[in-house]
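One structure is given here, and the rest of the page talks about it.
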Amino acid sequence: MNVFALFQTRVADALKALYPSLAEDILSRIVVEPPRDASHGDLSTNAAMVVAKPLGKNPREVAAAIAAEFKADTGVAAVEVAGPGFINFRLNTPIWHAVLKSVATQGADFGRADIGKGEAVNIEYVSANPTGPMHVGHTRGAVFGDALASLMAYSGYDVTREYYINDAGSQIDTLAKSTLLRYREALGETIEIPSGFYPGDYLIPVGQALAAEFGSELLEKSEAAALPIVKERVLVAMMDLIRADLARLNVHHDVFFSERQLHGQGGDIDTTLEWLRDEDMIYQGRLEPPKGKTPEDWEDREQTLFRATNYGDDVDRPLVKSNQQYTYFAADIAYHRNKYLRGFKHMVNVLGADHSGYVKRLQAAVKAVSHGEAEIDVRICQLVRLLKNGEPFKMSKRSGDLVLLSDVVEEVGADATRFMLLYRRNDAAMDFDFAVVKEQSRDNPVFYVQYAHARTYSVFRQAAEKLPGLDLGFGALTGADLSLLSSDADLELIKALAQWPRIVASAAEAHEPHRIAFYLYELASAFHGFWAKGNQDVALRFVNADDSMLTKARLSLVAAVRQVLVNGLSLLGVSAPEELS
RNA sequence: GGCCCCGUAGCUCAGUCGGAUAGAGCGCAGGAUUCCUAAUCCUGAGGCCACGCGUUCGAAUCGCGUCGGGGUCACCA
C-alpha cells in the first residue's frame, strides 16, 4: 500500500472531475509527498500550482476547490490550503494502521512496484577486462550495478544483468603471451617478463595448469599455433578469477557476453556495418585533430566513420583502425544492436569516470541501431579515493601496484563495503577510509542500520522472556489490535514505514540506489528514537509485561520495521544479522 | 582548447525533472541508563547553498557567464 500514490491518483481524479479539459501529461506532474515540515500535515501536494497556469486560474483558488472535494472524506482528518497553493492533508489513524497491516500481509513485497510493467531492461556493469583479478577501481561500479539491478527487478522490470567480456583486443594477445611465459616457467625455464606484459603472480597457476595438461607439447609448436590454445585456457581462468572476486562482494550476473563472438567473417560486426551502410550511417572521410593539443602521432587519413554527429555526438567516430581491424567502438555498436535485437528497449551501462567521454557515442549508437526505439542510460561512477586515517592508502599487494577488490573485502567485509559505496551518489567522487569503514561505531551507517535490525530481534527475545505464554507467531500478530497504536511515537514510526514504497519508486525511476541506503538510515533512526522513548516512558515500551494486547500490537510494529529493513538491505545486497557480535 | 562530473555547516555528504523557515552524520558544548543491547537517544551552537546576471508568483535546483577541483579528448579497451 502506497499512501502517496493513492492520493496522487485521487487528487488527479478530483482535478479531472473539476476541470475536464486538463491534459494527462500535466496531471502526471502532480506530486504528493510528505511536507518538509511535519507540522503541515501528513501529505502535501503541489497539484493546484501545477495546473493553475494551464487553466489560467489562481493557484489558491484551485487549491480550495480541490480541498473541498476531500472535506467529506472519512480517511482525511483535515485538509487545508497553505502558502502559495499547497494542499496539506492530515490523515486519520485507520489509514496508518492499514499501512501497517499491509506490511505484514505483503511482507517482502511491501514496496514492490510495477513501474517497469514487466519490460525488459539490460543492465551492463563491471565488464572489466579479463586480464587479471578485480581491483578496487571496479568495486564501485560492481556494487552500484548490482544494487540497481535488484532495485529495478523489485520495481517491475524484467532485468538481465550482463557482463561484456572484452576478450578480443590486443591486450588479450599480450595476456596470452604472458601466460605462455609462465607455462615455460612451470616447465623449469628461467623467465624474464618484458615490460608491457602482465607480470602478476595470478598467471603462475595458469602456466602450471598448462604444463600439467600439455607437458612440453606446446613448446614444440610455433608461437602462432600455441597462443590460441593458451588464450582459451587463460580467458577461462581469468573469468573464473573475476567471478570469484565478484562473488566475494555478493555481485552476480546472468549473462557473460563475449566480444569475440561479434568478430569474424559474417559476425555481428560485419552484419551491423553492412546494415549501417544501407542506412547511410557510415561514410569515408577525414577527421579534424582534437583542438588544443594534437597527438604526436596524428595521422590525417581517410577512414570509415560512423555519423555519430547525426545522433548527438560531438564528432563522427572511426570504425576501422589503420591496421584494418575494427575499433572497439565498432564492436560496441554491434554489441548494442545485438542487445536491441534481443528485445531490450531499455539499457543501462555502468561505467567508470574514465569512460565519461564515451557516453555520447554510446547513446548515439543505441539511437542509430534502434531507429530511436531504444534508450540507454549511462551511469558514471566517479573515482573512489582509498584512505586510511585520512592518509592515502597503501597495502601489501599480491600483484602489480593495485589494491585488489579481494583485499578490500578481506579488510572491511562485503557488507560495509557495499553499504558505504551505496551511501553516496554514484556521480560524485568519494573517499573510502578503511579506518572509518571498519569501525563498528556511530560513524558507520551500515552498523547503525544493522543494529536497528538486530534490535528488533532483541525485542522479541525480551517478549518471550517476560510474557512466556504469549503467542508471537505470525497469525497472532496479524490479529493484534492495531488501534492501540495511537501515540504520536507509534504513528511517527508507521509513517516512516509508509514512505518505503515511494522511496523505492523514486529510486528506481531515477536509477539511484543510494536513496535506498539513505532511507534505511532514516528508518533505523526513527526506530532507535522510539526505543529511547521507552526508557523515559513505560507506556512506550515495546514489551509491557502487564499488557499483552498492547505488547502484541507493538510487536507487530516492530515486525514491520524489521520487514522493511530486510527489504531494503536485501536490495542493497547487505546482510541483516539477528545479532551484532 | 572541446566535452562530462562536482562546488551546500569546521569535516564527510543528502536535498537538484523549480515549491513553504535548506537537512543528516562526524566534530564541538551540554544532558539521558533502578527498566527492552548507551553499538542508542535528547538539546544547543554552527550556512551570502562558489560568484554574477537572467527566466517567474517562487531558484541550492533551470539558462548564460566567471572562478575553483576532478575526469577525458582519432587509430587503447
Side-chain angles (χ1 to χ4, degrees), chain A residues 29 31 35-37 40 44 46 49-50 52-53 58-59 82-86 88 127-129 131 164 166 168-172 259 286-295 297-301 303 305 313-318 320-323 325 327-329 331-332 352-360 380 382-383 385 390 423-425 427-431 433 436 439-445 447-448 450-452 454-455 458-463 465-466 509-510 514-515 517-518 521-522 524-525 527-536 538 541-544 554 558 579-580:
Chain A
R29 287 174 50 212
V31 176
R36 183 172 307 188
D37 187 337
H40 290 137
S44 175
N46 63 353
M49 292 176 289
V50 168
K53 196 170 228 177
N58 178 316
F86 288 100
N88 296 327
S127 296
N129 291 344
T131 55
Y164 183 50
N166 300 136
S170 55
Q171 293 180 356
I172 301 303
E259 181 189 348
R286 291 173 188 277
L287 284 179
E288 300 272 320
K291 284 180 182 150
K293 54 164 196 208
T294 304
D297 55 349
W298 176 265
E299 178 191 349
D300 183 24
R301 66 184 181 91
Q303 48 188 337
L305 297 168
D313 201 356
D314 303 318
V315 291
D316 291 334
R317 302 291 178 177
V320 182
K321 302 188 220 172
S322 48
N323 67 6
Q325 290 183 339
T327 60
Y328 177 80
F329 182 54
D332 224 9
D354 53 341
H355 287 73
S356 56
Y358 198 70
V359 174
K360 282 188 184 177
I380 296 292
Q382 289 293 333
L383 298 178
R385 206 159 51 118
Y423 199 62
R424 293 280 178 272
R425 291 177 60 94
D427 53 4
M430 67 175 286
D431 291 344
D433 193 315
V436 173
E439 197 183 337
Q440 301 201 358
S441 77
R442 45 203 163 280
D443 283 19
N444 194 331
F447 293 110
Y448 185 85
Q450 287 183 323
Y451 181 43
R455 270 185 153 178
S458 172
V459 172
F460 273 76
R461 283 194 296 270
Q462 283 295 326
E465 201 175 298
K466 291 193 176 173
E509 275 165 9
H514 75 274
R515 299 190 192 194
F518 277 92
Y521 189 89
E522 277 172 28
S525 174
F527 182 65
H528 287 312
F530 194 119
W531 184 296
K533 281 179 189 139
N535 289 335
Q536 311 295 322
V538 179
R541 295 203 191 153
F542 297 119
V543 179
N544 291 58
R554 284 269 159 73
V558 172
E579 283 183 90
L580 299 191

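Computed over heavy atoms, backbone and side chain alike; hydrogens, waters and symmetry mates excluded.
If you take atom C1' in B:A32 and the same atom in B:C6, they sit 41 Å apart, rounded to whole Å. Nucleotides B:G47 and B:G15 have their C1' atoms positioned 15 Å apart, rounded to a whole Å. Using atom P as the reference point in both B:G10 and B:C62, the two lie 24 Å apart (nearest Å). B:C13 and B:A22 have their P atoms separated by 23 Å, with the value rounded to a whole Å. Taking the C1' atom of each, B:A29 and B:C51 are spaced 34 Å apart, rounded to whole Å.
The side chain of A:Arg36 sits closest to B:A20 out of B:A77, B:A20, B:U40. Residue A:Asp37 has its side chain nearest to B:U21 when only B:C76, B:U21, B:C5 are considered. When the nucleotides B:A77, B:C41, B:C36 are ranked by their closest atom to the side chain of A:Tyr328, B:A77 comes out on top.
Side-chain to base pairing of A:Ser170 with B:A77: no donor and acceptor N or O lie closer than 3.5 Å to each other. The base of B:A20 sits within donor-acceptor range of the side chain of A:Asn88, with an N or O pair under 3.5 Å.
Residue contacts shown for A:Leu383 are limited to sugar-phosphate atoms, with no base heavy atom under 4.0 Å away. A:Asn166 comes within 4.0 angstrom of the backbone, heavy atoms only, and of no base. Counting non-hydrogen atoms under 4.0 angstrom, A:Pro318 reaches the backbone sugars and phosphates but no base. In this structure, A:Gly534 reaches the bases: a heavy-atom distance under 4.0 Å links it to at least one base atom across the strands shown. Among the heavy atoms of the strands lying under 4.0 Å from A:Ala429 are primed sugar atoms or P, OP1, OP2 only; no base atom is included. Residue A:Arg29 is out of contact with every strand shown, counting any heavy-atom pair closer than 4.0 Å. No engagement by A:Gln325 is indicated, since no non-hydrogen atom pair under 4.0 Å with the nucleic acid exists. A:His514 comes within contact range of the sugar-phosphate backbone alone, with a heavy-atom separation under 4.0 Å but no base atom that close. Among the protein residues, A:Asp431 comes within range of the sugar-phosphate backbone only, with heavy atoms under 4.0 Å from sugar or phosphate atoms but none that close to a base. Heavy atoms of A:Gln536 sit under 4.0 angstrom from primed sugar atoms or phosphate atoms, though from no base atom. The residue A:Phe518 sits close only to the backbone: its heavy atoms come under 4.0 Å of sugar-phosphate atoms, none of a base. Counting any heavy atom pair closer than 4.0 Å across all strands shown, A:Lys360 reaches sugar-phosphate atoms only and no base atom.
Rounded to an integer number of Å, the gap from OH of A:Tyr358 to C1' of B:A77 is 9 Å. The separation between A:Asn129 atom CG and B:A77 atom P is 9 Å, rounded to whole Å. A:Arg515 places its CZ atom 11 Å from the C1' atom of B:A14, with the value rounded to the nearest Å. A straight line from CD of A:Glu522 to P of B:A14 spans 14 Å, rounded to a whole angstrom. When rounded to the nearest whole Å, the span between CD1 of A:Ile380 and P of B:C4 equals 12 Å. The CD-P distance, from A:Glu288 to B:G1, rounds to 19 Å in whole Å. Between the C1' atom of B:U16 and the CD atom of A:Glu509 lies a distance of 16 Å, rounded to the nearest Å. The distance between atom CZ of A:Arg317 and atom P of B:A77, rounded to the nearest whole Å, is 15 Å.
Distances shorter than 4.0 Å separate none of the side-chain N or O atoms of A:His528 from OP1 or OP2 on B:C42. Under 4.0 angstrom from either OP1 or OP2 of B:G15 there lies at least one side-chain N or O belonging to A:Arg425. For A:Arg455, a side-chain nitrogen or oxygen approaches OP1 or OP2 of B:A38 to under 4.0 Å. Checking the phosphate oxygens (OP1, OP2) of B:C76, a side-chain nitrogen or oxygen of A:Lys321 falls inside 4.0 Å. OP1 or OP2 of B:C26 has not a single side-chain nitrogen or oxygen of A:Tyr521 nearer than 4.0 Å.
Between atom CZ of residue A:Arg301 and atom OG of residue A:Ser322 there is a gap of 5.0 Å, rounded to the nearest 0.5 Å. One distance of note links CZ of A:Phe527 with CZ of A:Arg455; it measures 7.5 Å at 0.5 Å rounding. Here the CG-CG distance, from A:Asn166 to A:Asn129, works out to 4.5 Å after rounding to the nearest 0.5 Å. Note that CZ of A:Arg424 and CZ of A:Phe518 are 6.0 Å apart. Values are rounded to the nearest 0.5 Å. With rounding to the nearest 0.5 Å, the separation of CE in A:Met430 from CG in A:Leu383 is 11.5 Å.
Both A:Val543 and A:Ala353 lie close to RNA chain B; mapped to their nearest nucleotides by heavy-atom distance, the more 5′-ward contact belongs to A:Val543. Residue order along RNA chain B, read from the 5' end via each residue's closest nucleotide, puts A:Ser525 first among A:Gly357 and A:Ser525.
The partner of B:C3, taking Watson-Crick or G-U wobble pairs whose two distances both stay under 3.5 Å, is B:G71. Across all strands shown, B:A29 is found opposite B:U43 as a Watson-Crick or G-U wobble partner, with both distances under 3.5 Å. Base pairing of B:C53 is made with B:G63, judged by Watson-Crick or G-U wobble geometry with both donor-acceptor distances under 3.5 Å. The nucleotide B:A24 finds its pairing partner in B:U12, both defining distances of the Watson-Crick or G-U wobble pair being shorter than 3.5 Å. Using Watson-Crick or G-U wobble geometry with both donor-acceptor distances under 3.5 Å, B:C36 finds no partner in any strand shown.
Within a 6.0 Å radius of CZ in A:Arg385, no more than 12 heavy atoms belonging to other residues, nucleotides or ligands are found.
Ring planes of A:Tyr521 and A:Tyr448: parallel class, angle under 30° (limits at 30 and 60°).
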